[in-house]
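Below: the structure, in structure tokens.
By convention here, the first residue in the shown sequence is residue 1. Just the heavy atoms: all of them, side chains too, but no hydrogens, waters or symmetry mates, feed the values below.
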Amino acid sequence: MIGTGQKRRKNLLSLVLIVLVMASLVVFIAYPLIQIFLTSFMQNGEFSLAGYKRVFSGGQLTSALTNSIVLASIVSVISTAIAFFFAYTFAYIKLPFKALFNGIAILPVISPPFVIALSAILLFGRNGFISNGLFGIENANIYGLHGLILVQTLTFFPVAFLVLAGLLRSISPALEEASDNLGATKWQTFKQVTFPLSVPGIGNAFLLVFIQSMADFGNPMTIGGDYHTVAREIYLQAVGSYNMQSGAALAMLLLSVTAILYAIQRFWVGKKSYVTITGKPTSARRLVDKGLFRTIVIAVCYLLSALVLLFYILVPIGSFIKLWGVNNEFTFDHYQYVFSIGQKAVVDTLKLAAIATPIGGLFAMVLAYLIERKRFAGKRAMEGLSMMSIAIPGTVIGISYILAFNQPPFAITGTALIIIAAFIVRAMPVGIRSGVTSLQQIDPSIEEAATNLGASGAKTFFSIVLPLIRPAFFSSLVYTFVKSMTAMSAVIFLISAKYNLITASILAQVESGRIGVASAYCTLLILLMILAMLLLNGITSMFTKRWNLGRKAKKIHEKGMMKDSISV
């Protein structure tokens, strides 16, 4: 049994860990938000509502807020409709090459936030392949609302697809079969059974896309033209005009909108679930495997898939073209630029992401363990703070970090630390939720047994808990690395002459009209993402295999000991 002194030391270590974790959350999440809130009401050291008055005065800032809501509404409706069509096909139609859909769903996660926008310029821009090359349209204009609708829809509908695909697959076939047996047509069954059961998921997907669109920074900066959006205007106010109060006021309004929508998503839509899985055995869903309807649906799905893939393939092609639409000669000049002048951005991004990945992954698992396994005062506050960043747009985090860490006591602006902190804060909620879910499936008595045998808290966590939740841990590592490599909206405020990032370099090249160099950067970044994911998956498999071999060897050893004792 564990001694009293050892128990006290363990409690003391747990208390120190809780205090350190809570202090980190307060410094890097609560404190910046407090600073941006105060700045939105302060001008020259005095209380002022000038920032909010300017936002609602009917000028450019007001139109930016209105434009963002209009854009997000249109994109959410179209994206959710396309996603539902894809998800329904995936769940109800016998479809060859289903893996293609999963691949398309993953593409927006591992690609930079500019890929679709760059492809739109290459296809429909002034020298676009379709606009100028096929139709001979001179001075074609892809910039503005119509361009943003196209780009954001293709970027965000996979997010809605991931939500709806799982929901439609989980609907019990028994209810639909009962409707069919009662004489209902396929359309009546869909209208009265399938669609009503899908409503919570549709609402969830709509809200997710709406939030993503409102917070989007890369696409409006690349292809927005004269169509101003909130996220873009925050950056222009803070960096371009250096009007921190107006930027902070606009950021607070954006944060309010996204926070309200996340609250609706969590407490309203999230609770509107209809139980269709009762535990009773049911037959598998009979997929539609013939007929005109199946042919039409498959044709539409593959046509849309081909369009999405075209947008992604076009960027690597454009990286080898000397001057798109003007001089289509094959060239390596863009890559020579990237690996010479632009090499620093690549090295800095890899280095900072490599540092943030293990810290972020481990920090998320520690937080998940404290939230799920420990009881202490302030636990709810810790959980709320740790998950808060999922509702905070990147531009809000960026401007809040500039305001909070540009002066004592935390003057870290321009250092690697501030960028690494932004990486970790952005990726942390996904890792925490994954860790909590894994811990809920593990009996706490396993850890209690280790404690009773004299293992310290650290020993128990690293030897027992972490190996048992290794899938969640490694998924957190992968997500942190991917988000760090492709981060844009938060870190655009934080880069300096000392530390530059690939995404910031891509934006700079797009603004200067060097689409070929921007395409080369994007292609390199996608390749780095794929290699990193393969490497991390390989490490995961290696550790899993070693862990399983270790457990197998332990069982064999125990059996051998039992045989020896019996023979004696």
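Here the side chains of F481 and M529 are in contact, with some heavy-atom distance below 4.5 Å. In this structure, the side chains of I317 and W324 come closer than 4.5 Å at one or more pairs of heavy atoms. Contact of the L507 side chain with the Y521 side chain is not registered, since no non-hydrogen atoms from C-beta on lie closer than 4.5 Å. Considering only heavy atoms from C-beta on, I418 stays 4.5 Å or farther from F423 through its side chain. Counting heavy atoms from C-beta on, the side chains of L168 and T194 come closer than 4.5 Å. Put simply, the side chain of E233 reaches to within 4.5 Å of the side chain of L236, judged on heavy atoms. A 4.5 Å side-chain heavy-atom check between F56 and L253 finds at least one atom pair inside the cut-off. You'll find the side chain of L352 stays beyond 4.5 Å of the side chain of S484, heavy atoms only.
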Practice prompt. For V436 and R433, run side chain to side chain contact (heavy atoms under 4.5 Å, CB included): C-alpha distance rounded to whole Å, both residues' side-chain angles, the deciding distance at 0.1 Å, then the answer.
Written response: CA-CA 5 Å; V436 167; R433 289 266 54 98; 3.4 Å; yes

Practice prompt. Please step through side chain to side chain contact (heavy atoms under 4.5 Å, CB included) for the pair L71 and S213, ending with a clear verdict.
Written response: CA-CA 7 Å; L71 174 65; S213 176; 4.0 Å; yes

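Residues I234 and T395 approach most closely at CD1-OG1, 4.0 Å, considering heavy atoms. Counting all heavy atoms, side chain and backbone alike, H334 lies closest to S319 at CD2-O, 3.1 Å. When all heavy atoms of S389 and R426 are compared, the pair lying nearest together is O-NH1, 3.9 Å. The minimum heavy-atom distance between T80 and L164, with the atom names listed, is O-CD1, 4.1 Å. Pairing each heavy atom of V209 with each of A160, the nearest pair is CG2-CB, 3.9 Å. Nearest heavy-atom pair across T503 and A487 is OG1-O, 2.6 Å.
Remark: F37 CZ is loosely packed, at most 12 non-hydrogen atoms of other residues, nucleotides or ligands lying under 6.0 Å away. Annotation for F129: atom CZ does not count as buried by contact number, only 12 or fewer foreign heavy atoms lying within 6.0 Å.
Between the side chain of Y401 and the main chain of F28, a donor-acceptor pair closer than 3.5 Å is present. Using modelled atom types, one side-chain atom of S386 and one backbone atom of E383 make a donor-acceptor pair closer than 3.5 Å. A donor-acceptor contact shorter than 3.5 Å is absent between the side chain of T39 and the backbone of A248. Without hydrogens or angle criteria, T349 side chain to I502 main chain gives a donor-acceptor distance under 3.5 Å. No side-chain donor-acceptor contact under 3.5 Å links S519 to the backbone of G318. For Y262 (side chain) and I390 (main-chain N/O), a donor-acceptor pair under 3.5 Å exists by modelled atom type. Without hydrogens or angle criteria, T258 side chain to I211 main chain gives no donor-acceptor distance under 3.5 Å. Looking only at distances, no side-chain donor or acceptor of S434 sits under 3.5 Å from a matching main-chain atom of G431. When atom types are taken as modelled, the side chain of T153 and the backbone of L150 share no donor-acceptor pair closer than 3.5 angstrom. Looking only at distances, no side-chain donor or acceptor of S131 sits under 3.5 Å from a matching main-chain atom of A140.
In this view, N500 and S505 satisfy the side chain to side chain donor-acceptor pair (under 3.5 Å) rule, not counting sequence neighbours. The side chain to side chain donor-acceptor pair (under 3.5 Å) test applied to N127 returns no partner, not counting sequence neighbours. In this structure Y143 satisfies the ring-ring contact (aromatic ring centres under 6.0 Å, His included) test with no other residue, sequence neighbours excluded. Not a single side chain to side chain donor-acceptor pair (under 3.5 Å) links R514 to another residue, sequence neighbours left out. Not counting sequence neighbours, the partners of S40 by the side chain to side chain donor-acceptor pair (under 3.5 Å) test are Y52.
Between F84 and F195, the two ring planes are perpendicular [angle over 60°; tilted spans 30° to 60°]. F190 and Y88 have perpendicular rings, their planes meeting at more than 60° on a 0 to 90° scale where under 30° would count as parallel.
Q237 and R54 share a donor-acceptor pair across their side chains, judged by distance under 3.5 Å alone.
For residues 197-228, the set of pairs meeting the ring-ring contact (aromatic ring centres under 6.0 Å, His included) definition, not counting sequence neighbours, comprises F217-Y235.
Aromatic ring centres of F86 and F90: separated by at least 6.0 Å.
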